[in-house]
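Taking it in order: structure first as structure tokens, then the write-up.
Computed from a predicted structure; not experimentally measured.
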Amino acid sequence: MTKKNNGNLLFLICVPIFLLILTACGGDATNTPVPISPTTTAATTAPVITTTAPTTALITAAPTTAVPGTTAATTPGVSSGLTMKEAYTAAESQIKAWQPDQVLFAIFNSLDSGIGINPDGRSAEWNFQAVSVKTGKRGTWLVKAGKDGKPAVTKTGDEELSPAEAKDSPALPPVSQLIDSSRLMEVARQNGGDKSDNPVGFFLRQPIKVGDPLAADLIYYKGGNVLRLRIDMQTGKLVPNVQG
């Protein structure tokens with residue numbers, strides 16, 4: 001074989017080998033962008049997580065806001081209990097049926113039980129006393145406000161009175177001619193009476209001194225300070241020179 005033929009043969013052998021090397025290098029170059037795929041996926045996933053977080057927060061916040069609103073609407077407030085006139089209406093028929101000559105003598109709250117009158121003029125308990133001169137007795141009726149808002153009337157007993165005590169028991173005016181306890185407490189608030197450290201109530205009967213107004217005395221304890229208010233139960237006016 002001549003040198004020329006040997007050269008041709010070597011050329012034919014080397015060219016395929018060179019092409020194979022180029023192909024191998026080209027394959028590596030083609031595979032180089034593959035790691036970009038996870039990066040692209042991570043970037044796509046990130047906004048999805050960010051979007052989900054605020055959506056969850058909004059859903060959580062909605063019930064939280066709604067609960068206080070519902071609680072405030074259903075929680076009993078200062079409107080619970082009965083006003084003086086509401087309580088008397090419940091007991092009136094029993095009082096008048098007690099004795100033919102009965103007269104309403106006194107209206108009061110059970111201060112010793114820690115029950116007073118709330119700022120709206122309502123109380124869980126009211127007491128009404130009537131006197132019968134003929135029998136020489138004083139009867140007492142307790143009116144309680146039930147959980148359902150309906151009043152329950154109980155006669156708590158009769159007291160025996162001496163003839164002098166029975167005769168010295170002047171009747172109150174008809175309850176229809178008195179201001180209600182709601183108005184009483186409104187006047188008190190207008191004159192500095194609001195919250196007290198102790199229950200606020202009153203005992204109402206005809207004054208001992210002739211000419212004095214038929215008034216309810218309210219006492220507000222505020223730490224070391226005491227506020228006394230006397231309010232006319234017929235006119236709803238503050239009795240002068242008593243506030244202090």
Side-chain angles (χ1 to χ4, degrees), residues 68 71-88 90-91 104-129 131 138 140-147 149 151-152 154 156-157 159 165 168-173 175 177-244:
T71 304
T74 57
T75 301
V78 295
S79 60
S80 60
L82 301 165
T83 67
M84 180 188 74
K85 289 190 175 184
E86 290 172 346
Y88 179 72
L104 186 62
F105 169 70
I107 303 172
F108 60 95
N109 298 101
S110 304
L111 295 179
D112 56 345
S113 64
I115 300 174
I117 309 173
N118 68 21
D120 272 358
R122 296 179 178 273
S123 178
E125 295 184 4
W126 289 93
N127 293 273
F128 299 92
Q129 288 185 335
V131 171
R138 180 166 58 211
T140 304
W141 289 260
L142 171 64
V143 182
K144 286 187 175 183
K147 292 182 179 179
T154 305
T156 56
E159 297 176 71
E165 287 177 319
D168 191 26
S169 299
L172 288 171
V175 173
Q177 296 180 13
L178 304 176
I179 64 170
D180 203 354
S181 53
S182 54
R183 174 59 182 160
L184 172 71
M185 299 304 283
E186 181 183 1
V187 175
R189 290 196 305 272
Q190 292 171 351
N191 290 276
D194 42 27
K195 294 181 180 179
S196 177
D197 297 338
N198 296 322
V200 176
F202 66 84
F203 188 101
L204 181 67
R205 56 164 294 178
Q206 286 286 9
I208 297 175
K209 185 178 178 181
V210 177
D212 280 357
L214 176 62
D217 289 304
L218 302 177
I219 302 178
Y220 291 84
Y221 295 94
K222 301 178 181 180
N225 299 320
V226 179
L227 175 65
R228 294 178 175 87
L229 299 174
R230 174 169 288 182
I231 299 170
D232 192 315
M233 288 296 290
Q234 292 181 289
T235 66
K237 295 181 179 180
L238 190 70
V239 178
N241 304 320
V242 179
Q243 181 177 351

Please determine if K222 and D194 form a salt bridge, counting it only when a charged side-chain N lies under 4.0 Å from a carboxylate O.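 Looking at K222 and D194, the cut-off is met.
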Is it true that E186 and R189 have a side-chain N and a carboxylate O under 4.0 angstrom from each other? no
Contacts of K85 that satisfy salt bridge (Lys or Arg N to Asp or Glu O under 4.0 Å) - sequence neighbours left out: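 None.
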Which residues pass the salt bridge (Lys or Arg N to Asp or Glu O under 4.0 Å) test with E165, not counting sequence neighbours?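 Scan of E165 (salt bridge (Lys or Arg N to Asp or Glu O under 4.0 Å), adjacent residues dropped) gives none.
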Donor-acceptor contact present, side-chain [X] to main-chain [Y], <3.5 Å:
X    : Y    : answer
T156 : T140 : yes
D232 : A215 : no
D120 : R122 : no

Just so I know, are the side chains of [X] and [Y] near enough to count as touching, which here means a heavy-atom distance under 4.5 Å?
X    : Y    : value
W141 : N127 : no
F108 : Q129 : yes
L229 : L238 : yes
V131 : L104 : no
V175 : Q177 : no

Answer yes if the ring centres of F128 and Y88 are under 6.0 angstrom apart, and no otherwise. yes
Within this structure, what is the [atom1]-[atom2] distance for the pair [X] and [Y], rounded to the nearest 0.5 Å?
X    : Y    : atom1 : atom2 : value
I231 : L184 : CD1   : CG    : 4.5 Å
L218 : L227 : CG    : CG    : 9.0 Å
R138 : F105 : CZ    : CZ    : 5.0 Å

Begin with the C-alpha distance, continue with both residues' side-chain angles, and end with the deciding distance and a verdict on side-chain contact (heavy atoms from CB on, under 4.5 Å) for M185 and N118. CA-CA 8 Å; M185 299 304 283; N118 68 21; over 6 Å; no
How about T83 and D180: does a side-chain donor come under 3.5 Å of a side-chain acceptor?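 Present: a donor and an acceptor within the cut-off.
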Heavy-atom closest pair, residues [X] and [Y]:
X    : Y    : value
P207 : D212 : CG-O, 3.3 Å
A145 : G81  : CB-CA, 3.9 Å
L172 : Q206 : CD2-N, 3.9 Å
W126 : M84  : CZ2-N, 3.5 Å
S196 : Y221 : OG-N, 2.9 Å
E125 : S123 : O-OG, 2.9 Å

Between R230 and D217, does a salt bridge (Lys or Arg N to Asp or Glu O under 4.0 Å) hold up when you go through it step by step? CA-CA 4 Å; R230 174 169 288 182; D217 289 304; 2.6 Å; yes
Please step through side-chain contact (heavy atoms from CB on, under 4.5 Å) for the pair F202 and I117, ending with a clear verdict. CA-CA 9 Å; F202 66 84; I117 309 173; 3.6 Å; yes
